[in-house]
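Shown next, in C-alpha cells, is the structure this report addresses.
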Amino acid sequence: MPFLFLKKFKLATWFINFLSFVPITIISAILFENLLIEKNGQWPNLNFINCLAAIPTLLAGFLSKR
C-alpha cells in the first residue's frame, strides 16, 4: 500500500540509496542478536546451535543473491 503512495512522487537518489541498505542492516541485526548469547559482565558467547542453523540459510542467501 505505501508503494502506491510513493509512485506519485519522485524520491531523491540519495534517499533511494539509503533505503537499499535498510533490509541488509535489519537482517544483520536480527542475525547477530540470535547468534550471540549475552551475559552480564562477560563477553558475548556464540550460540552454536543457531550458528549451525544459520550456515545453510546464509549459503542459500549468497547463492540466490537476494
Side-chain angles (χ1 to χ4, degrees):
M1 192 72 166
F3 295 113
L4 294 175
F5 179 72
L6 290 176
K7 282 186 177 182
K8 296 179 182 179
F9 297 101
K10 176 87 169 125
L11 297 175
T13 306
W14 66 267
F15 189 67
I16 294 172
N17 289 338
F18 170 74
L19 290 178
S20 69
F21 289 105
V22 172
I24 295 170
T25 57
I26 291 173
I27 291 172
S28 299
I30 293 170
L31 177 68
F32 286 114
E33 180 183 10
N34 288 310
L35 293 181
L36 299 174
I37 301 170
E38 180 184 356
K39 295 181 181 178
N40 290 335
Q42 296 180 0
W43 287 93
N45 294 326
L46 283 177
N47 185 340
F48 289 108
I49 294 173
N50 287 354
C51 288
L52 290 175
I55 292 172
T57 305
L58 293 173
L59 184 61
F62 285 125
L63 292 177
S64 67
K65 297 181 182 178
R66 292 186 179 182

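All of these numbers come straight from a predicted model, not from anything done at the bench.
Rounded to the nearest 0.5 angstrom, Ile37 CD1 and Asn45 CG are separated by 6.5 Å. The CG atom of Asn47 sits 12.0 Å away from the CD atom of Glu33 when rounded to the nearest 0.5 Å. To the nearest 0.5 Å, atom CZ of residue Phe48 and atom CG of residue Leu35 are 11.0 Å apart.
Side-chain atoms of Leu46 and Leu36, non-hydrogen and from C-beta on, do get closer than 4.5 Å to each other. Contact annotation: the side chain of Leu31 never approaches that of Thr57 to less than 4.5 Å [non-hydrogen atoms, C-beta and beyond].
Other residues sharing a hydrophobic cluster with Ile55 under the 4.5 Å side-chain heavy-atom criterion for ILVMFWY residues are Leu52. Residues near Phe32 contribute nothing to a hydrophobic cluster around it, because no ILVMFWY side-chain heavy atom sits closer than 4.5 Å to its side chain.
In this structure, Asn34 and Ile30 approach most closely via the heavy-atom pair ND2-O, 3.0 Å.
The neighbour count for Glu38 CD, taken as heavy atoms of other residues, nucleotides or ligands under 6.0 Å away, does not exceed 12.
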